[in-house]
Amino acid sequence: MKYMKEKTCPECANHCPVSALQCGKGMAYFGLRGQEPDVDAQTLEARLVALLRRCGHHLHDNAGRGADAAALTAALTGADKAALETLLQKLLAAWKNGA
């Protein structure tokens with residue numbers, strides 16, 4: 001692995017351990033870009049989690065740089081946004097209740 005002397009990733013504020021990188025920036029920095037979850041070759045549930053993680057990373061990176069909510073959701077129609085809000089609220093409620 002590239003940069004074996006480093007114990008934590010310097011690419012974002014999380015400073016993940018090199019053995020447990022959590023974002024694309026860290027994976028790219030350490031030359032592991034090809035080892036990200038393969039969204040096309042997993043179960044539906046694994047694909048959804050991988051997509052949520054990718055969206056979360058994008059939001060984390062861009063909202064921190066001042067991107068506004070309208071720009072971050074511009075690809076969605078009003079109906080898409082309403083459906084997504086409902087589904088995300090449902091997930092959060094289930095996770096809060098220990099599901």
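Quantities reported herein were computed from a predicted structural model and do not represent experimental measurements. Note that the numbering runs from 1 along the sequence shown for the chain.
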Side-chain donor/acceptor pairs under 3.5 Å, residues 84-93, sequence neighbours excluded:
from	atom 1	to	atom 2	distance (Å)
Thr86	OG1	Ala82	O	3.1

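Cluster membership for Leu76 and Leu52, using ILVMFWY side-chain heavy atoms within less than 4.5 angstrom, is shared.
Using a 4.5 Å heavy-atom threshold, the side chains of Arg53 and His57 count as touching.
With hydrogens and angles disregarded, a donor-acceptor distance shorter than 3.5 Å links the side chain of Thr77 to the backbone of Asp80.
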